[in-house]
Amino acid sequence: MREMIYMLLTQIFQMTLRTGDEPTDWNTANVIPIHKKGDKTEPGNYRPISLTCITCKMLEMYVKEIGKPKDVAELFTQFPIVQGRSKPIKVLNRLTLVASDASQFRPSADFKNYDIVAILAKTEKLFHAACMSFDVDIVCITVTEKQSFHFKRPPVNGAIDRGVYFEINYTPAIKDSTMRRYTISNSLSLMEICKGKNVIISSGAEKPLELRGPYDIANLGLLFGLSEGDAKAAVSTNCRAALLHGETRKTALGIIHTMKKVQQPEEEQAEEEAPASKRAKKTNV
């Protein structure tokens, strides 16, 4: 009996955290008056006691405690080797918060234990706060249902200026035709505002068969309203930039990415450094 209750509660909690919706009974409370002192016929001598659902309280206790991520060594005994390289693959820890109100987002020092912090905003007000002020790396876009609000230019541009990225999961689009319609519709609405900037495409896969290669994902990006260049960046350079943003958030410092500059021949370099009046005039024959 205990195992059955445990499994049912686990499924309810996981579905609530994944969708952001909770049963209506959890928002209903039984108010019971408790007598304090004095005449029992006077209403002012009573104080109300609100009795809420015990199951909701159990979930609140679980959510309030954001513990440290599990050690990767406990999950994998041996890491796979990246093809073409001798180093093993790097596994990162991610925390995704599903919230419908700004009060549900409480910045904590535990966030620094995670390599990536993402948030799925269920309301327009929370989406605006996540883009403009929340210390997160990724803002997730709803793909399993119709977007409940319209994207606006100020918060989206604010997120782009802050280096926050928008994430689109492609797995729902290949699993169900209805969710495919929602994914494409919500993505096109976002692309009209952000113009393909700061967008990453991830899998959100729960099974290995739901994974796709980078070129296939880039082709899916064309359906989501991205250009060819932006679709390739959504699975390569933008993902790296999101990870660097997470490193900056954890260390509260800056990350410098150096690139090798191609050296020009000495003659061309000397000619560019010379004053304009002394530069050799070239004529095309």
Side-chain angles (χ1 to χ4, degrees), residues 1-70 94-114 117-152 154-156 158-159 164 172 178-179 182 186 189 249:
M1 185 66 179
R2 182 172 59 183
E3 287 76 9
M4 294 178 60
I5 297 176
Y6 169 77
M7 292 298 296
L8 290 174
L9 290 177
T10 301
Q11 293 178 2
I12 294 174
F13 290 166
Q14 289 180 348
M15 184 176 297
T16 301
L17 295 175
R18 183 169 59 250
T19 61
D21 299 327
E22 56 187 20
T24 55
D25 293 341
W26 289 8
N27 297 322
T28 304
N30 296 326
V31 181
I32 300 176
I34 301 297
H35 180 258
K36 297 185 294 183
K37 61 180 180 179
D39 188 3
K40 292 185 178 181
T41 60
E42 291 292 334
N45 294 332
Y46 289 83
R47 63 186 180 92
I49 298 295
S50 178
L51 302 178
T52 56
C53 181
I54 300 298
T55 308
C56 181
K57 291 183 178 180
M58 294 173 59
L59 179 60
E60 288 179 354
M61 293 175 59
Y62 172 75
V63 172
K64 286 182 180 179
E65 298 179 359
I66 300 178
K68 295 182 179 180
K70 185 173 292 186
R94 168 172 169 165
L95 175 65
T96 303
L97 303 171
V98 181
S100 57
D101 190 78
S103 61
Q104 298 175 352
F105 182 84
R106 301 181 181 90
S108 173
D110 296 330
F111 288 177
K112 293 187 177 182
N113 297 325
Y114 293 87
V117 176
I119 183 170
L120 175 59
K122 307 295 288 187
T123 61
E124 182 178 2
K125 183 178 180 181
L126 184 61
F127 178 82
H128 186 280
C131 292
M132 301 300 292
S133 59
F134 286 175
D135 192 11
V136 296
D137 309 312
I138 295 174
V139 175
C140 304
I141 304 301
T142 302
V143 293
T144 57
E145 59 185 3
K146 187 177 180 179
Q147 189 75 24
S148 58
F149 56 89
H150 296 286
F151 296 108
K152 295 183 179 179
V156 172
V164 178
T178 302
M179 288 190 289
Y182 291 148
N186 297 342
S189 300
R249 174 185 50 79

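Residue numbers start at 1 and run along the sequence shown.
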**Request:** On the 0 to 90° scale, with breaks at 30° and 60°, tag the F127-F149 ring pair as parallel, tilted or perpendicular.
**Result:** tilted
**Asked** Residues in ring-ring contact (aromatic ring centres under 6.0 Å, His included) with F134, at least two apart?
**Response** F105
**Considering all heavy atoms, the nearest R249-Y114 contact** = NH2-O, 3.0 Å
**Item:** 4.5 Å side-chain heavy-atom contact, Y46 and K40
**Value:** yes
**Request:** Check whether any side-chain heavy atom of K122 sits under 4.5 Å from a side-chain heavy atom of V98, and report yes or no.
**Result:** yes
**salt bridge (Lys or Arg N to Asp or Glu O under 4.0 Å) involving K125 - partner list, sequence neighbours excluded** = none
**Request:** Considering non-hydrogen atoms only, spot the tightest contact between V164 and V136 and give its length.
**Result:** CG2-O, 3.7 Å
**Message:** For the backbone of T144 and the side chain of N186, can you confirm whether one donor and one acceptor N or O come within less than 3.5 Å of each other?
**Reply:** no
**Asked** From L126 CG over to L120 CG, what is the distance, rounded to the nearest 0.5 angstrom?
**Response** 9.0 Å
**Item:** Partners passing side-chain hydrogen bond (donor to acceptor under 3.5 Å, both in side chains) against T142 (at least two apart in sequence or in another chain)
**Value:** none
**Request:** Evaluate the side-chain proximity of D39 to N45: yes if any heavy-atom separation is below 4.5 Å, no if none is.
**Result:** yes
**Close side-chain approach of H128 to K152, heavy-atom, < 4.5 Å** = no
**Item:** Non-hydrogen atoms of A130 and I119 that approach each other most closely
**Value:** CB-CG2, 3.9 Å
**Message:** Can you tell me how far apart NZ (K37) and CZ (R47) are? Round to the nearest 0.5 Å.
**Reply:** 12.5 Å
**Complete:** Residues A118 and C140: closest non-hydrogen pair is CB-SG, 3.9 Å
**Asked** Do I141 and Q147 touch side chain to side chain, with heavy atoms closer than 4.5 Å?
**Response** yes
